[in-house]
Amino acid sequence: MVANPGSRRRPLSTGGISGTARAGAAGSLSSVIDLRLVRDDPDRVRASQRARGEDESSVDALLAADAARRAAVSTADDLRGEQKAFGRTVGKATPEERPALLERGKHLAARVKDAEHNQAETEEALHKAHLAIPNVIIDGVPAGGEDNFAVLETIGEKPTYDFEVAEHYEVGERVGAIDTARGAKVSGARFYFLTGPGALLEFALVNMAMAQATAAGFTPIVAPALVRPEAMEGTGFLGAHAEEVYHLERDNLYLVGTSEVALAGFHSNEIIDLTDGPRRYAGFSACFRREAGSYGKDTRGVFRVHWFDKVEMFSYCPPDQAEAEHLRLLAWEKEFLSKLELHYRVIDVAAGDLGSSAARKYDCEAWFPAQGRYRELTSTSNCTTFQSRRLGIRYRDADGRPQPSATLNGTAVAVTRTIACLLEAHQQADGSVRVPEALRPYLGGMDRIEPAKQ
């Protein structure tokens, strides 16, 4: 998943929803991080929390909640066993013994009811404690916040110009590709129309991304933009940052911010076949972001908007193959950006800037010459088994035993931000925009976008 179109900021984190919404997850208690890891190596989880800038005491709270639940389950099981054995005693009792036994049975039934109520409460407490801890980061992820990323490589030469470069929205208006004034008139701030060459650029970029993905073995999917709460919680997009998500309360459905949500839910509560290697999908959907807290940022143009279209790569694989698969997703992102002849860098995102589901994330940040800085264009995240545990997604290991799979995601193309970068990076002195060679076949051979006639 990519962050909201705009400056780098922390992605949405996860949180709790009602028990009804959790009912679709596998088992009576949806998992998040592996509880066995927390029990066996709590110091590793505490170290991950420190690197993220999160509260280490959450680990101790989870361990305490886990112990309380296990004790409550044991107590309830023992009482149910006692009740079952007592029932056999009542059946053998004489008429004289039966009244006293029945009275004792009522008392035992009340104890069982109380124990089961306590078990349910401890399970809910454990669920909340579990949700409070994000995924455990992978060794080597930089510690710290959004400014503590590590630059892994820089690709291409930084472009130079012999004229004063314009912002993407100025170029877009000049060539008749973007109309934000009418977008605001119709829908409000941070909406837009892609017109003429802008609309053609969207279709060209989507088709080019899908062509690359299908050539690499991805199955193309047009994914729903509205999903149930189970899918949103399962992928880690509710909780503390739920205000950034559009919620249709009347229908209890959510508008997705990325097709990652629908693609993860696609195989929820299933055992999938990974014997032939990772299962990969390229999902197209409209994406919606409320942009809560972004007042005053990137208010012009189409860089930070409430709605945009995107093609997202999504992969299921065995956990021991996840890091290699992550590098493959990054390679496909780099291939696409290089085809667009953009100058960009690859960064290893710092732990404190990761979303709750990601154990590691690589971003590709392209150079915007008028802004004089790199801006995120794509990202790819390794979510290890964090999402699959919550969504009940499993595969069979070499011994035939069901195990949680790893899930990974990566941007094939986020349309509006990519259009913004193309307009700004490839503008020409005469006001036109040069079309990268690889994109031309998807634009009917067009090699240049000329200024619009007034």
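None of the values given here were measured: they were computed from a predicted structure.
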K.L.:
Are Tyr192 and Thr416 side-chain neighbours, meaning at least one heavy-atom pair lies under 4.5 Å?
P.N.:
yes
K.L.:
So Glu365 and Arg375, salt bridge (Lys or Arg N to Asp or Glu O under 4.0 Å) or not? Walk me through it.
P.N.:
CA-CA 5 Å; Glu365 298 183 329; Arg375 307 297 298 268; over 6 Å; no
K.L.:
Return yes if a side-chain donor-acceptor contact under 3.5 Å exists between Thr385 and Asp34, otherwise no.
P.N.:
no
K.L.:
Using only atom types and a distance under 3.5 Å, with no angle test, would you say the side chain of Arg417 pairs donor to acceptor with the backbone of Glu376?
P.N.:
yes
K.L.:
Can you tell me if Arg440 uses its side chain to pair, donor with acceptor, with the backbone of Val435 under 3.5 Å?
P.N.:
yes
K.L.:
Could Arg228 and Glu230 be called an ion pair, given the rule that one side-chain N must be under 4.0 Å from one carboxylate O?
P.N.:
no
K.L.:
Say whether Glu270 and His267, considering side chains only, have a donor N or O and an acceptor N or O under 3.5 Å apart.
P.N.:
yes
K.L.:
Let me see the working for Ser338 and Tyr344 under side-chain hydrogen bond (donor to acceptor under 3.5 Å, both in side chains), right down to the final yes or no.
P.N.:
CA-CA 9 Å; Ser338 294; Tyr344 64 97; 3.0 Å; yes
K.L.:
Give a yes or no on whether the backbone of Ala184 and the side-chain of Ser187 come within a donor-acceptor separation of less than 3.5 Å.
P.N.:
no
K.L.:
Crowded around Phe203 CZ? As in, over 12 foreign heavy atoms under 6.0 Å?
P.N.:
no
K.L.:
Ignoring hydrogens and geometry beyond distance, is a side-chain donor-acceptor pair present between Lys310 and Thr258 at under 3.5 Å?
P.N.:
yes
K.L.:
Would you say the side-chain atoms of Ser315 pair up with the backbone N or O of Arg280, donor to acceptor, closer than 3.5 Å?
P.N.:
no
K.L.:
Given side chains that start at C-beta, do those of Val186 and Phe193 come closer than 4.5 Å, heavy atoms only?
P.N.:
yes
K.L.:
Would you call Arg69 and Asp66 a salt bridge, using N to O less than 4.0 angstrom?
P.N.:
no
K.L.:
So, Phe266 versus Tyr281, ring centres under 6.0 angstrom or not?
P.N.:
yes
K.L.:
Take the angle between the ring planes of Phe303 and His168 and call it parallel below 30°, perpendicular above 60°, tilted in between.
P.N.:
tilted
K.L.:
Taking only Lys NZ, Arg NE, NH1 and NH2, and the carboxylate oxygens of Asp or Glu, determine whether Glu437 and Lys339 approach each other closer than 4.0 Å.
P.N.:
no
K.L.:
Looking at Val346, is its backbone amide N or carbonyl O close enough to the side chain of Glu153 to form a donor-acceptor pair, meaning the two atoms are under 3.5 Å apart?
P.N.:
no
K.L.:
Using the side chain to side chain contact (heavy atoms under 4.5 Å, CB included) rule, pick out the option among Asn135, Asp348, Ile137 that qualifies with Arg360.
P.N.:
Asp348
K.L.:
Verify, without hydrogens or angle tests, whether Asp251 (side chain) and Leu248 (backbone) share a donor-acceptor contact under 3.5 angstrom.
P.N.:
no
K.L.:
Is there a side-chain contact between Leu253 and Val227 in this structure, where contact means two heavy atoms from C-beta onward sitting under 4.5 Å apart?
P.N.:
no
K.L.:
What is the ring orientation for His343 with Tyr374, classed by angle as parallel under 30°, tilted 30 to 60°, or perpendicular over 60°?
P.N.:
tilted
K.L.:
Look at the side chain of Tyr362 and the backbone N and O of Leu327, then say whether any donor-acceptor pair between them is shorter than 3.5 Å.
P.N.:
no
K.L.:
Donor-acceptor check, side chain of Ser285 to backbone of Pro224, threshold 3.5 angstrom: yes or no?
P.N.:
no
K.L.:
Heavy-atom distance under 4.5 Å between the side chains of Cys317 and Leu408, does that happen here?
P.N.:
yes
K.L.:
Checking side chain to side chain contact (heavy atoms under 4.5 Å, CB included) between Glu333 and each of Val413, Thr380, Asp363, which is the one that passes?
P.N.:
Thr380
K.L.:
Measure the shortest side-chain to side-chain distance between Pro278 and Phe218 over non-hydrogen atoms and say whether it is less than 4.5 angstrom.
P.N.:
no
K.L.:
Taking C-beta and beyond as the side chain, do Leu35 and Leu126 meet within less than 4.5 Å on heavy atoms?
P.N.:
yes
K.L.:
Ignoring hydrogens and geometry beyond distance, is a side-chain donor-acceptor pair present between His117 and Glu121 at under 3.5 Å?
P.N.:
yes
K.L.:
With a 4.5 Å heavy-atom cut-off, do Ile449 and Leu201 have their side chains touching?
P.N.:
yes
K.L.:
Looking at Arg434 and Glu341, does any basic side-chain N land under 4.0 Å from a carboxylate oxygen?
P.N.:
yes
K.L.:
Donor-acceptor pair, distance only, cut-off 3.5 Å: does the side chain of Glu260 make one with the backbone of Glu312?
P.N.:
no
K.L.:
Does this structure show an ion pair linking Asp60 with Arg46, if we count only N-O contacts that are shorter than 4.0 Å?
P.N.:
yes
K.L.:
Do NZ/NE/NH1/NH2 and the carboxylate oxygens of Arg289 and Glu244 come within less than 4.0 Å?
P.N.:
no
K.L.:
Taking the side chain as everything from C-beta on, heavy atoms only, tell me whether Arg394 gets closer than 4.5 Å to Ser388.
P.N.:
no
K.L.:
Would you kindly say whether Glu170 and Gln427 are connected by a side-chain donor-acceptor distance under 3.5 Å?
P.N.:
no
K.L.:
Tell me whether the centres of the aromatic rings in Phe191 and His306 are closer together than 6.0 Å.
P.N.:
yes
K.L.:
Determine whether the side chains of Thr407 and Gln387 contain a donor N or O and an acceptor N or O closer than 3.5 Å.
P.N.:
yes
K.L.:
So, for Gly355 and Arg52, which heavy atoms are closest and what is the spacing to 0.1 Å?
P.N.:
O-NH1, 3.3 Å
